[in-house]
Every structure is written in structure tokens, then in C-alpha cells.
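Have a look at the structure below before the remarks.
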Amino acid sequence: MQVRYILSLLLFSGAAANAQQKSIAGFKGDATVTQQQLETRFDQQISGAHIGETIRELSAKPHHLGSSGGKAVAESVLAKFKSYGWDTHLVTYQVLFPTPKTRVLELTGPTTYKALLKEPALKEDATSGQDGQLPTYNAWSADGNVTAELVYVNFGLPEDYEWLERAGIDVKGKIVIARYGHSWRGTKPKVAQEHGAVGCIIYSDPAQDGYVQGDVYPQGAYKNEYGVQRGSIMDMVIYPGDPLTPGTGATQNAKRLERSEAANLLKIPVLPISYHDAQPLLAALTGPVAPAAWRGGLAITYHVGPGTGKVHLEVSFDWQLRPAYDVIAEIKGAQFPDQWIIRGNHHDAWVNGANDPISGLASELEEAKAIGELVKGGYKPARTLVYCAWDGEEPGLIGSTEWVEDHADELQKKAVAYINTDSNGRGFLFAGGSHALEPMMGEIAKDVIDPQTHASLFERKRALSAVSATSTKGKKDAMQQQDMKLEALGSGSDYSSFLQHLGIPSLNLGFGGEDEGGEYHSIYDSYDDYTRFKDPGFVYGAVLSQTAGRAVLRLADAPALPFDYRSLQKTISTYIDELQTLTAEMRESTKTNNTLLTTQQYSLAENKQEKLKLPALEEEVPYIDFSPLQNALSALDKATQQQPVNNQALYQAEQQLLVKDGLPRRSWYKHTIYAPGFYTGYGVKTIPGVREAIEQRNWKEAQTQIGIVAEAINRLAVYLAAAK
């Protein structure tokens, strides 16, 4: 009752203030009224029913990169853009994309088991039995044929291997089995390879993705025992896109590396499996019982291994170049044709992809249809609109990265912003991106209405934050929140090359939180699943169009672009505070743990039957000099007190945050503010160069990275000050 009361209070308390809000960042006077009228007409062209028809049509058949279905979807999207009045063309790149030739996984003793490696068709899912489906596999696994003992490594993260070392278990020369979760999938084989494993199996445990969470498909939304998560394991932190053409568009005549030279490809065989196939393997393990935090939802005692038997893993791939089809649609700007607002969503899927990516693509196409109708009625965007449907996102952000690399110099001159979507479902607005765009997105979130509660998107998301907070202070702080915060972006979708390679301000938008399920990257990501469990009625598809469409239209027409670098300055300040807190906590923790060791506390408290080695004494944490960052932040604070009036200076400012010194564009990991963490992949480690050096106790490198970040922030401060 209390939760419902808080939700109701939060959802409706701001309704009157929201109704009176009339200002739009970047617009003044009559221009504000004109923009509001334009957005009203835009909304009138958005149809949830039509979005649903688009999802049904484009997810009717499997359409992965390089397939006939993929080409058919690209051509259908091309035709739709043209019918909406956009100047549209197809851009083709030739990219490496391996598909499986051999997949074998078997337990050789003392009991034997041969893995099914197949998801069955279901009568409740009309497309689940189609021809043309990619088998269950991890793209960019190495070819390999290995037989070895098996070791269970929990989620396969560095801290899991630390526990194994204490338990006296070495994975060198062994095959490891890790469960999905707690990191991007590519982290698991990468860390396994670093520890000397000769193969890696990744499975979906029902504790995270199955019957522990709820009823399984088709009765419910969650992963059934045969479901498998396909996916890329490319090391995209090194670089995304075609592995053979880093930094260069993969055109027909592009210079290509030998595959052995591609630094973002792993060297060991990797295979994903279902929990049906995982259970016999895990049940065969002996050795220590896994720690409590390592135990999943299967009806077995989880042992770490190895067992008395061995596992045979064999995979091979065709390693062919295949065409990637990017669809590029354009409406030329009437006043500033050389300033581009770019909007994108990928069109390729692992199988049918009704949710990922077609739900987001259908909303993008609905925006394009609505804008086309506005243009027919006399509307002329001030800036050029470029709408894109990317190929090859699933294997490694390939289509978007190749297009960005192919047009890099032009994009850094002309691209005002890139707005991305991907999958979409029922629930709350999730928005990440360049923090200078926070005020604009906050206004949009307060303008657009949630279809279930009839409160604004902002009010509903604030209510979620308040109810979900774990402390009284957190609840109070959330209830008082007046401004929207954008999440930092990692490497999860097609915004990556725009933001991390070129410093182009970017947004990533979508809805979710009430659409959980287990269909991700399986044959069950289908229209039947989507209409039952993801967005029944397609109402959040329409709301996504309204939200992303407003961002496009406001950036296209604002006389003064709505960038506010005070928001970025405040965000960087929190990042620096986090780094200082992290270092202080590590210092205190190290001191305490070393005291526990030297006073024999660990030895007295340990369970002697577990036979764990004691932790090692750790080097004390020194005091790191954060003053270069603090001084740079102070300079940025002064520079942002007065906004630049030059629009080009506003949208090109974030390029100052890219690492200079002649590093290639593909060195995106060295981007100093927005970047994925080395061991988190899709997850974000803010200012990752500094954070990871601290976590790895490399104090000299931490100080070096602090200097790099400070230099970038100072560059931005000087740039903004000069732009006034």
C-alpha cells in the first residue's frame, strides 16, 4: 500500500507544473510556439498499430548479416524511406563474418553426454521452426578442437579466478564453463584465455535467465531449458567493426589485415549452450563445492571441478567476407545543410529479432514517416536529417563503424549529434549519452506522456528511482529530483563509433524494465513473443518515436543548439569524486586486510576443510595526486559559466575530449571520459584509464592516466572559453 501511495504521489504531483512548462531549450518567443505546434503535428502522425505492422513484417524471417533475409530487410527499409519522401541509398561494405561449419560438445566420461546445441521449434511460436536460422554459436570464436578437464568459473571474472587460485585450482590447459551475467559475454573467454584455458563454454543459468525468474517460454517470458544466447565475443574495447580493416571503411578495395593480425579476435574456441546442455557437464564435476555466491538454479550441487571425465569441444567456421548493407536516408536542411542530425538503429538480427533490433527500427521508421508527412505539408528542417539503418551491429557494430570510418573527416565537421535506439519494450525511459544534452532530454522527458500512467516520462522514472532506493535519504533525494541525468555510455550499440571514435555528441534511448524475458539472441525473439511479453499494443513503440523524434526535431531547428556544458562539468566532478573515494576505500581496506593477515585472524577464522590458501599481503595504497584533475575541472567550471553562441563550436566541443598525440581513431579505449571498462565490456567505467589503473594497483599508470584526462579537460575548457 505504501509503495502504491508513493508511486501515485510522485506520478501526479508534477502534473500541473508540467502542463505549464512552455520553454524549449534553444528556442525563444514565437519560435517556441512554432516548435510546439510542429511537435503536435508530428505526434499526430505516429501510429502504434503501424509500428506493430512494421515489426511483424521485418521480423517475419531470419535476417543476419550476409544472409538473403538480411538483404531483403535492407531493401524493404530502403523502399520504406523512399516512400516517405526521403532521398535514400544503399551503402555496401565487404566485411568478415564467420558462421559455423562444425559444433561439437560432449562429455567423455565417466558418464557420457553429447550436447544438443539446438533450440526446438514451438507450436506457440510461428517462426521458431524456419529455415535460414543461424545455429547457436559465439561469433569470433577461434577454430579449435580440444579435449580437456572442465572447471566451473562462476561468471568468469578476474575475482572468480582469484578464488580459484586460493583453492589451488589452475585452469591452464583446461576448458572452463562460465555462466552468463555480471559482465559482457566477451569478457568471459578473454579472461579465460589470459589464465591459460584452452576453451570456454558459456551457459545460461536458470537463476539469472530461466525458471527461477518466472514461467518459461512459451507459458511465460523467461528462457526455457533449451534456449541459447548467441552473440559476439569480439574484443570491442580494442576496436569494433570489421576486424580486418581497423580505422578504415571496409570498401571493396580496402587494404585488409591477415586474420591472425586482428588484435580484437580471441585465440581459443568458445561455445554458448543452454542450461539443458550445461547440467550434465556441471553434474560431472567434483572438487570443492562452489562458494554460495557461485551456486545457480540447477538441481545439482555446484562443484568447481575438475572431474574424473573430460570434455571434448570442437568448433570451426567459414571465415568469409560478406556484404553489409547500410541504408542511408536524407532530407537536406534548408538553412544549414552542412550541419547533420543523424538518427540510427540497426536492422540485422541473430535470428528473427522482433525485439532486437526491429522494435527500435520500427519506431525509427515511424519517425521518418511522420517527418515525411510534415515535409509534404510544407515543413523544412533547418539542418540536414540523416536517418540510418545499420547492418552487422550484432557481430560487432560493423555497419555503423565502417560508415563512420568511411566518412570520419566529414562527420567531425558536420555531425551535430547522433541519436541511437536498439531494442524497445514496456516500462521506463532509459537514456544515456553526452551530458551536455541533459537539459534538452530532461525537457523532452517532461513533455512526453507515459501511456500506462498518463504522467510524464520524467515523473514515472523519478518514481521508480524513489521506490527503488535502498535508503531513506536515497528515497528523499529521488523525490526531490528536478533534473534528468543521462547515463554514461559504454560499447553496447551503434553510437559507439560516433562517440568514442570521433567525439560526436550522442544519445541512446529506449524503454524497458517491465519487459523482462529470456528471448535475447535466441530463435524465440519473435513477433509472437514480442506481442505477448514485450510491448502489447505497441504503445511504447509510439512513445519511443515521440521521444527520439523530439530530440531530432529540436536539434534540427533550434536557433541556438541546446548544448549545456555545465552539465558535463558537474558529471565529471562526480567521476573525480568517485575515483578519490575508490582510492581512499582501497587504502583503508588494504590496511585492514593486511592487519587481519598479520594478526592471524584469517587463519583462525578459516574453515580448515576448505583448504583455501590465505590471501596474500597487498602493497599499501599510496596517496595519488588528483590535483591535475581538480585544477582542470576548475578551469572547465569557469569556461562553462557563459555558453558559447557559435553553434559549430557547441557541437564540436566534445572532440576535445578525445586523446590526441597521433593515436588512431580506433583507439577508443583511450577516450578519456566515455568508454567501456576493460573487463566490463558493455558496462561503463567512468574515466576508465584512471579507474582501471587504480583497480589493478598500477599507481604509476594511474598518475599517467590522470595527466591524460586532465589534459583533455583543459583542452575542452580552453576551447569553450575561446568559442565565446
Side-chain angles (χ1 to χ4, degrees), residues 154-155 157-166 181-184 187 191 291-294 435 465 468-478 485 487-488 490 569-603 605-606 612-634 669 672-710 713:
N154 192 27
F155 292 110
L157 300 177
E159 55 265 32
D160 298 321
Y161 287 86
E162 291 173 7
W163 186 91
L164 289 170
E165 183 179 358
R166 289 187 59 204
H182 287 216
S183 76
W184 178 57
T187 299
V191 179
W294 289 37
H435 298 287
S465 298
S468 302
T470 57
S471 67
T472 301
K473 182 180 184 303
K475 292 180 186 295
K476 289 181 178 179
D477 289 347
K485 297 296 183 184
E487 300 294 328
Q569 190 274 340
K570 291 175 184 176
T571 300
I572 297 174
S573 178
T574 65
Y575 293 169
I576 296 172
D577 289 345
E578 289 170 5
L579 291 171
Q580 291 178 294
T581 300
L582 170 66
T583 308
E585 289 177 348
M586 285 182 65
R587 184 179 302 111
E588 187 64 25
S589 174
T590 298
K591 181 179 178 181
T592 301
N593 286 334
N594 284 346
T595 299
L596 291 172
L597 283 164
T598 57
T599 59
Q600 308 301 312
Q601 303 303 304
Y602 272 106
S603 179
E606 70 175 346
L612 292 177
K613 297 177 184 177
L614 295 178
L617 285 168
E618 293 182 314
E619 175 191 357
E620 291 187 2
V621 177
Y623 286 88
I624 299 173
D625 182 9
F626 286 97
S627 63
L629 279 177
Q630 294 165 322
N631 290 329
L633 190 65
S634 177
Y669 172 60
T672 56
I673 302 300
Y674 310 108
F678 188 68
Y679 284 119
T680 52
Y682 285 170
V684 176
K685 286 192 176 181
T686 51
I687 316 187
V690 179
R691 180 177 288 270
E692 289 180 355
I694 292 171
E695 291 174 341
Q696 295 163 12
R697 296 175 174 266
N698 187 337
W699 314 122
K700 182 178 179 181
E701 178 64 17
Q703 203 67 64
T704 299
Q705 289 294 327
I706 284 172
I708 293 173
V709 176
I713 295 171

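Values below: all heavy atoms of this structure, side chains included; hydrogens, waters and symmetry mates excluded.
Residues Thr187 and His182 are not in side-chain contact: their nearest non-hydrogen atoms beyond the backbone lie 4.5 Å or more apart. Residues Thr598 and Leu617 are in side-chain contact: their nearest non-hydrogen atoms beyond the backbone lie under 4.5 Å apart. Glu578 is not listed as a side-chain neighbour of Leu582, based on a closest heavy-atom distance of 4.5 Å or more. Two residues are said to be in side-chain contact when any heavy atoms from C-beta on lie closer than 4.5 Å; Leu633 and Leu629 fail this criterion. Lys475 is not listed as a side-chain neighbour of Thr472, based on a closest heavy-atom distance of 4.5 Å or more.
For CD of Glu620, the number of neighbouring non-hydrogen atoms (other residues, nucleotides, ligands) closer than 6.0 Å is 12 at most. For Glu165, the CD atom sits in a loose shell: 12 or fewer heavy atoms of surrounding residues, nucleotides or ligands are nearer than 6.0 Å. Enclosure of atom CD in Glu487 is not indicated, since only 12 or fewer non-hydrogen atoms of other residues, nucleotides or ligands lie within 6.0 angstrom.
Every residue meeting the side chain to side chain donor-acceptor pair (under 3.5 Å) condition with Glu606, not counting sequence neighbours, appears here in chain and number order: Lys608. Under the side chain to side chain contact (heavy atoms under 4.5 Å, CB included) criterion, Thr583 pairs with Arg587, Val621, Ile624, Phe626, Ile694, not counting sequence neighbours. Take Pro615 and apply the side chain to side chain contact (heavy atoms under 4.5 Å, CB included) test, not counting sequence neighbours, and it matches Arg166, Leu597, Tyr602. Residues meeting the salt bridge (charged side-chain N to carboxylate O under 4.0 Å, His left out) test with Lys700, sequence neighbours left out: none. With sequence neighbours left out, Lys473 forms a side chain to side chain donor-acceptor pair (under 3.5 Å) with Asp477. Ser627 is linked by a side chain to side chain donor-acceptor pair (under 3.5 Å) to Asp625, counting only residues two or more places apart in sequence or in another chain. Legend: residues meeting side chain to side chain contact (heavy atoms under 4.5 Å, CB included) with Thr595, ordered by chain and number and at least two apart, are Thr599. Among residues two or more places apart in sequence or in another chain, the side chain to side chain contact (heavy atoms under 4.5 Å, CB included) test is passed with Gln600 by Ser603. Considering only residues two or more places apart in sequence or on other chains, Thr590 meets the side chain to side chain donor-acceptor pair (under 3.5 Å) condition with Arg697.
Between Leu579 atom CG and Thr574 atom OG1 the span is 9.5 Å, to the nearest 0.5 Å. In this structure, Gln703 CD and Ile708 CD1 are separated by 11.5 Å, a value rounded to the nearest 0.5 Å. Between the CE atom of Met586 and the CD atom of Glu695 there is a distance of 7.5 Å, given to the nearest 0.5 Å. How far CD1 of Ile706 is from CD of Glu701: 10.5 Å, rounded to the nearest 0.5 Å. To the nearest 0.5 Å, the span separating CD1 on Ile713 from CD on Gln569 amounts to 9.0 Å.
Across Gln630 and Gln580, no two heavy atoms sit closer than the pair NE2-NE2, 3.0 Å. Residues Ala632 and Ala710 come closest through the heavy atom pair CB-O, 3.6 Å.
Under the 30°/60° scheme for interplanar angles, the aromatic rings of Tyr575 and His435 are found to stand perpendicular.
Under a 3.5 Å cut-off, the side chain of Asn594 and the backbone N or O of Lys591 do not form any donor-acceptor pair.
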